Every structure is written in structure tokens, then in C-alpha cells.
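The structure under discussion appears below in the form of C-alpha cells.
All values reported here derive from a predicted model rather than from experimental measurement. Order of the sequence lines fixes the chain letters, A, B, ..., with proteins taken first and strands second; residue numbering starts at 1 for each chain.
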Amino acid sequence: MSAEKLTTLEDAAALVRDGDTVAIQNMATQAAPMALVRELIRQGRRELGVVCLVGGIPVDWLAAAGAINRLIGAAVSMEQFGLCQRYRKAVEAGAIRVEELSETALNARLGAGARNLPFLPTRGLIGTDLIDVNDNLVMLDDPFGGPSVVACKALVPDVALVHAHKADRFGNIGYEPTALWPDLGIMPKAATTVIVTVEEIVDSEVLRADPDRTVLPGFMVDAVVEAPFGAHPTSFYPRYGYDTAMHLEWIGSARDDEAVAGFMEKYVTGPADHAAYLEAVGGSERLAAVEAWEAS
Amino acid sequence: MSAEKLTTLEDAAALVRDGDTVAIQNMATQAAPMALVRELIRQGRRELGVVCLVGGIPVDWLAAAGAINRLIGAAVSMEQFGLCQRYRKAVEAGAIRVEELSETALNARLGAGARNLPFLPTRGLIGTDLIDVNDNLVMLDDPFGGPSVVACKALVPDVALVHAHKADRFGNIGYEPTALWPDLGIMPKAATTVIVTVEEIVDSEVLRADPDRTVLPGFMVDAVVEAPFGAHPTSFYPRYGYDTAMHLEWIGSARDDEAVAGFMEKYVTGPADHAAYLEAVGGSERLAAVEAWEAS
Amino acid sequence: MSDWQNSPPAEDWTIDELMIARLAACFADGDQACNGMASFVPVSAFWLARLTHAPDLVWLAGAVGLEPRPDRVPASTLEAPLWRDSIMYVEQYGDFWTIALNGRWLTKFCVGSAQLDRYGNGNNSIIGADYHAPRVRLPGTAGLGDMGSIGKALYYWNPNHNPRSLVEQVDFISCAGYLGGGTERADAGLEGGPELVITNLCVMDFHPETRHMQVASLHPGVTFEQVQEATGFELPTPEGQLSTTAIPTVEQVRLIREVIDPDDMRRREFGG
Amino acid sequence: MSDWQNSPPAEDWTIDELMIARLAACFADGDQACNGMASFVPVSAFWLARLTHAPDLVWLAGAVGLEPRPDRVPASTLEAPLWRDSIMYVEQYGDFWTIALNGRWLTKFCVGSAQLDRYGNGNNSIIGADYHAPRVRLPGTAGLGDMGSIGKALYYWNPNHNPRSLVEQVDFISCAGYLGGGTERADAGLEGGPELVITNLCVMDFHPETRHMQVASLHPGVTFEQVQEATGFELPTPEGQLSTTAIPTVEQVRLIREVIDPDDMRRREFGG
């Protein structure tokens, strides 16, 4: 037996406090915990810091909502849909401060945080200007006389937001055969609090049938929430692809303040909850379309 | 398509040269690449160094054969079957020099080797005498003013020996659902040459059906050999358990030089090849017994 | 769930059962526990705790299998029969050591050590004066060299309390205890440290200031003098009457004998 | 395997196809190649190489899927349709970066960069003088900040050769090239470095001593003067006649159009 972790999206999002540093699973148009991001915006969270490997639409929506004032990450881009314009505009206006890291440097900062080490080294970034503008990176001699490294200071996010395929009510998290989303290897291990939304809550016996496909132990997870299509409009394979139409609708709006306000009201702050969001985007017909990614 | 890696046990073992530092997958009585170890002994390899997390019977047999003169590892033990007596005797006689590391320090040395870093830090071992007797460990100040760490110098074994469930002829290595043997995470990535024996060579399509259960890419593997029961007498789940009778026969012999010589001749140097070994241990009847581990 | 709370003390308990019950009492709901090799007493203790007062104690069998459902204690505590039917397999390199190093999880660790000294330093490396030319080569530090230094509360168990295993000073420190005693451990920047030593004669803890090992309770029928005689260093004279270690209950004994370890694997650790 | 070796030059080639064929020629059997996001030219080049001269080129699609069999180039080079039917999924944190850092594998890397300077330094971070108050915030360094420093041979591709993308000095180095030229890169302890720059006008490489970018071949119909005009720094005057970049063959063009990228995704990179 284990402790109960199952809760509501509202209560889970309430574990995030104003000012927290929040690690958000995401890769351009993949695998973001969008239901949680929308709920944080609905709850009016402010002055958040975001940690992401490659942030996409969740970063842009949080920027549009004025919820974030700093970002630690390797890139922010929606790939084929272009730069995140609201994020970009906020950075250029000085409203969001960026700590830009290479992927190994971000991994090193989070890896040190997860392992209670003061730092981890990388050989990436040497020669770039990114070291000079960042107090969390410093050149360090090898004590054995070898080449110097970049020491990357430990980073412990207050919260990690993860979306996964399935979980039991005790917070043991399983995945369905697919390429593992790239943040899973370290973000949830580094963060103080871990919140996971899943496509489906299952009986523990379902996880016991495939224990090599359980990816996070319940004791590491503070709250688990059932949120089918919880990554929409990003992709979550093998269940669904990214929603092209919705990304296009967003980039069509993102350069215009009024259009952004309308978009956010229509899809993010207007719908009362996750179910209402799914209706707002077009309900089962729209969702069937993203489920049909393999045929596309 | 990929390059062909399939070869014979003889040719694969010939990639190991006298004096090499050889990382051997093993955990007490689990998952050792025994067919390769026996072939190295048959080929008369000398002055090898062994790297292991927790070495068991392969280390003892290599010590009995006089094949090794140094060991880098966290422990050597056959658990319920006790200490490895030939190894112990050789260490006490000064014939094998031991670099004893904690598990995180060994992981750090191998992890640095795999990632082309001069060192990686751990917070394990602080306060122990193991740092003082080891030039590959040194206390290092945190450049950010936090607690000191133990810098662990990069280790790149010449060869890693791995046993796995299945592979295609191009060296892509797959596993069957079970707890992953503990060395897989880093040893083959750190070594210059990787040799893998497998229970079964399969068509690549078998691996493509379960790509999340492929654990080493073919480009990392230099030679792959089909050797069913290649981990015997250690366990290799879910296919077979460890062979209790053979471990008992070994520890019954291990304190007596003559008995050791007889044992080695009967099981290791006498049989001409892996198939002859399997016959020598009792053939299909004995193998059926270790396959029945779940019923035991 | 058995009716463990209303069970009277057993009459036919054996020393292994008493040690298991005492160690079980150290683990509570919300803790995570893992075991290494040849760890029949800890494994039985975790299992007993889960069947009685700590159903939500998380067990990572062999540092591999989360929440397993083995048939019974098997002959090895580091092979698949122990982690049968787990809910997750934890990979050693990337996952287990990250979890262990983190500090929030696995805060308690059970240690078996060939030598243990008065300040709780452990030695599984060598017996003798020269590390590179030892009189006896022991198995090696394995995970202990980590667990002693990374802030864990250490629970030593020793089924064979004698002057060779409990020594004034270990020949070699391969598991950091309180080092030279007093504030030495804290001065080295280390948190946590040895908490209890449970042997076949008594339970010992460490003085909060000197960090010297001292008797906390005597097992039924054992005297302080017997403990002192079996110990390789001078124990502080107890102030007042020493308490007696609790006797396992009828239900605890039944669970150990019938459910957890019907094959008596735990007895393999005793009498060595 | 197609009969690519006896195929004559195509007559109706387009610039995207020429760039893809030129980049494909940089990858050989035994190499491993991976791609990042919005990488239609590299993905098409790897695929073309595998279908022609380098069937044993290992492709790690999206740095995730080993030896995939996608239907065609999809709209994203960083989503599952690209790594359909892979033989292995490589995990980012533990596996991919270990493989990339190691030095023996993935020795060549294709880089797209918003700015690229005369010494092959790349910039995907910011346009402007102040990093913390940029005129333009670019997407960020992602993996380039690593790949530039860890000994890879870098192949820049640029479908829009113009003075804004090929500059005298990048506003900010987020991918290390030859830094200030000469021995500066080696002096910083870095191996590898920029190898080629393949644009829609020409192919450029780097002088072996000064490490300054220079024209290696002109695409058919392009003059040195046109290249100079489109470049934001002075190019060394070529010594003698510059060679002409090879025209893709009929078979290469067919493979790109019919097998690899029938949806013309590669053209999305052009004309920006």
C-alpha cells in the first residue's frame, strides 16, 4: 500500500505558489502539461519562473497571461510554427529575464539539484558568450590536470509539471510504448514538488503487468490528476499528435494584443475547467482529428 | 541498414588483449557474461584489469586462472555463497591490486569516461579512508561556495563485456521485460570496445516491434555473439535463475588448489567451446532446472 | 491486515525474531526502505512493518523492485524472486542513485558491517594495517561508502555480537560514522549518521555529544556485563537501570514464521 | 538500392535539391547523424545518403529514433512521424547526451544558425548589444551551445544567404566556431570546429590557418561577386578559378521528390 495522491486539477495547481520556479515538461510542440498550465493561468498565478528544455506554446501562453518573469532553458520555439511571440516580446521589453543554457548545462544544473551535489560539470558551452552572462556557470580547472570544465550550479525547481499516459491513485506513473518525453529523465527528480497529469488513472495491477514501463515511483509524486488530452494542443504519442489548426490560430493571434486577449478568453481563462476547454476547442470531433496522427 | 557485427565467441574474445582493462557486467550472482569470461580464460589472457560494480564468480574464475592483476570496483562477493576465495587469496598475496570505490564513485568515474569529462563529483565517500588510498579521488571545493565534493577521475575501460537477451546481427541490443542489469546504464557507454553475448540473435523487425526495449544502439557495439545460457551459472531473468549447485560446487573447491584445478579443467578450460560447457554442466536437464526458477 | 495491535508478547520468540521486530519499529509510514545483499533481517523487518504498523512504508527490494510481492523471503535478497510482481523496476545508474543521493527519499539505511567501531564507523574493506597488503580482503564497501556520507540515518544490524566485529577502532573506514567522535562528522560537512546498532545481545545508540556507542536496551536475559565482554571496547557504564528490548508479539512471530520467512532464511545470518 | 552511380546530372534541379545533395556527400558509411528541429535539409540529406552512397550511415532521427522508416519527410523534424518504426528510442537525458559527448559517435553535426560570422561562430540567442535587453530574442542555443564546443565537425546550412545572416561578427556567440580565428579555438582546448557552410549561393569552408570563411565552390550560375554582395563581411579573393558545386543527379532529384520529400517540406526553409 501507499499514500493516496489522486486529486483535482484545481487542488494540484494550488500547490504552485506565486514566485515559484516551475519546471515544465515540453519539447517545441510535444508533451507539455497543458491542462496544468491552463489551470495556473486561470488561478492567476504571478511571478513564476519557468524551467524548460525547449519550451513552446505553454511558455507563450504563460507570457501572454503575464504569469512569468524569468525563464531558465535551452530554447523557446514552436518549431514549424515559429518563435513564441508573446514570450519574445516580453523578453525584449525586459519583463522576462532569460537564463539561456545549452542542453548539457541545463541537464547538469538539474542533475546536480536532483543528486544534492553543489554542481556538475559540462564541456559544452566553452568558448561561447553564454558563460560570461551567467553567474550559475563558471570555468573550473580539472584537479587531475586535464582540460577545464564548466561547473554548472545546482538547480532545484520548486515544482515540476509532468504529463504522462497513466498512473495509479498512489502516483506511480507509467508510459505507453513511445519515445520518452525528454524532460522525464531529470526534471521530476530535481524538483521539490512533482505534479503529474495523466491521460488515464488505472488500477495498480495495470502497472504491475509492465513494471519496466513505470517511470516515476509514487513516493516522488505529490499529486496526480486524470486529464485526458491533458497535453493538447501539443502532441502526446502514441495517443495523439499536435494540433496544427490550434497552433496556427495562436500564431495568427499572437502579434496582436486584442486578438491574444480574445484567444486567451476563448480557450484558457473562459472555460471553467479542463472538460470545458476540450469542448471549447471542438470536442470529440477535434480530438478525433489529433488522434488520427498516424494516418496523416 | 547497418554494419554487420555478428561473430563467434572466439573472435569476439580475441578483441580483448593482454593487459586490457575489462569492464564486466555482474551483480553478485546475476547477469555476468560468463561465456566470454570462460573464453578469455581458454585463450589464456593475462594481466587483465577488471572493472565491476559487484563482481562474483567471473572474478573468482579469472583470479583462479591467473588472468587478472587489478580490480576497480565496489565489491566482490557471491552473496549467499560467500566471499570469492581465489580473488581474496590473490589480493592478500599481493597478486591483485584493488581500487575500491563506492557505487556512486564508480558510476562517476565511468560516467566521466563515457561523457569525455575529466571527472565527475560525488558526495559519497567523504570521511572514509577510501579517498586517501586512491589517486583517482580528490576532494574539490565547490566553486559556488557550497560543500566540497569528491572529484572522481574519468575511467575509460578498454573493453566492456555485456550479456543481453537478444540482438540483431547489426549489434542493436534488446532486453526482455525484467529489471535491467545494473551495469548497463554506463559500462558499455564508457568503454572503447563493447562485446555483447546474447541469448538469441533475432531479426531486426523483432527489435522494431519494441523500440523502447532496445537498450544499446548497434553503433556502440563492436561484436555480438549468440550464446544461449551465456550467463550461466549466474542468473539471467526472466530466462533462468542462478545455478545454486554449481556455485556450491565452486565454493566447495575454491579453498583447495588441486580442487580448483580440477574444477577449472572440468568446466572452463576443458570444454572446447560454449556448447561443450553446457554439456559439461549437465546439458538440457541442468539447464531446465535453472529455467524453472519461478517455481522454486 | 492482521490484529497486530492487540497481540500479547510471544513466549517462544527467538533472537532473530526479536531483532527483526526491533528493526521494524524503526520504520514508519511514509519512509522508503531499500535493501542490499544478504539482508534477511532488514528485508524481514520492512515486510513485518508493512504488515503491521507501517502499511505505507515504501519498499524498494534489492534497490530495484518497488512494492514487490514476493512469495516469501528467498535465498538471495539481491535476485528477482525478491522483487517479483513489482510496480516499477528502478534502474541502478540513472535512477536508484539519484533517488538515494537526493536527500528527501530513502532517509534510513540498514548496514551490515564486518567491523564496527565505538563511533559507528564501518569497515567492509580490509582487515590489517596496510590497505594494499591486507591480512583479510573483505567484500568491499559497495553502497555503504555512499550511504555513510550522504545524510542517511544508519541502522546497523549484527547477528553475531563479538569483540572482532565490535571494535575500538576499525582497521579502515569504508562507511563513515561519527569518525573520531564529537563534532568530527559534522565538521566534515556530513549530515545524518549512525542511529542504532541492533545486535543479538542488545540495542545500542550513540551519545548525543561524544557520539560514543552506548547500550540503549538489553535483550531479555542478557546482562550489561555479557554485552561488555562481547564488545571490543569499553562501553559507558549505564546510568541507572537499562531497559529491556521489547519482546516480539505472538502475531509478529506468526507473521515472520508463516508469512514472511517460512524457509527460515533469516537464520542464515546467525551463528557465524 | 537505386542505380544512383550511373545517373547523369539533372536538368531541372532546384537549389534545395542541390544543397541536399551537397550536404549528403559530407556523410559516409559508418558515420552517425542526428537532426534537431526544423531541419528539412539535413534530414533529406541523411536520407538521400542512405539511399545512395552511404547505406550504413546511422540516422538518429530527432536525436531520438534510431534507423527510422518514416513514410516521407513530415511537417516536423522533431515529432514521432519522423521516427516512425525505429529500432530504438534514445532517451535524451541519460542516453543521447552521453552518446553525443563521448566523442566517438555523432562526430558531425548540422547547424542552422540565425547569424554566422566569418570565423564560423553561430548565434541563435539575441540580436543587439545587451544580452539582457536584446533588440530581438532568438529561440536560444538549445544543443548548439554544446555541439560547437565538444569536438564535432560542424556543417552549417543556410538557405537564405544574405548580409544579415552572414555577418562580420555575431552579436553573441552561442555556438563556438573558431572564435577570433587563428588558433583561438584550439587555445581554448576545443577540438573539431566548423567544416563547411552550404548556402543557397555557394559552399564555403575555412582557411586552415586564419580560420576565415572562404568560398570553396560556387553553385551553377552564381558569381563570386554575387556571393560577396550577399555576405556581410569581406571574403578572401579566390586564387584562380573557383570550382562549381556539383549538380544533383537525375536519380538524386527523383529520390528527393518522389521518395524522401514528396510534400516539399524542404522548401519551407527557403525564401525567408
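With contacts defined as side-chain heavy-atom distances shorter than 4.5 Å, the pair A/R208/C/E67 qualifies. Put simply, the side chain of A/N116 does not reach to within 4.5 Å of the side chain of C/N102, judged on heavy atoms. Using a 4.5 Å heavy-atom threshold, the side chains of A/P217 and C/V58 count as separate. Between C/L66 and A/N172 the shortest side-chain heavy-atom distance falls below 4.5 Å.
Heavy-atom distances place the side chain of C/I99, and not its backbone, under 4.5 Å from chain A. For A/D168, the part lying under 4.5 angstrom from a heavy atom of chain C is the side chain only. Proximity to chain C is absent for every atom of A/I173, based on heavy atoms less than 4.5 angstrom apart. Heavy-atom distances place no part of A/A209 under 4.5 Å from chain C, backbone and side chain included. In this structure, the portion of A/V215 lying under 4.5 Å from any heavy atom of chain C is its backbone and not its side chain.
Closest heavy-atom contact between C/S86 and A/P211: O-CB, 3.5 Å. When all heavy atoms are compared, the tightest approach of C/W105 to A/K189 is CH2-O, 4.0 Å.
Heavy atoms of other residues, nucleotides or ligands lying less than 6.0 angstrom from CZ of A/R17 number 12 at most. The neighbour count for A/E10 CD, taken as heavy atoms of other residues, nucleotides or ligands under 6.0 Å away, is above 12. The 12-atom threshold is exceeded at CD of A/E205, counting heavy atoms of other residues, nucleotides or ligands nearer than 6.0 Å. Residue A/R239 places its CZ atom among more than 12 non-hydrogen atoms of other residues, nucleotides or ligands, all under 6.0 Å distant.
Each of C/D85, C/I87, C/D29 has some count of heavy-atom pairs under 4.5 Å with chain A, and the biggest count is that of C/I87.
The CE atom of C/M88 sits 14.0 Å away from the CZ atom of A/R213 when rounded to the nearest 0.5 Å. Annotation: the span from C/L60 atom CG to A/F219 atom CZ amounts to 6.0 Å, rounded to 0.5 Å. Distance check: A/E4 CD to C/D56 CG gives 10.0 Å after rounding to the nearest 0.5 Å.
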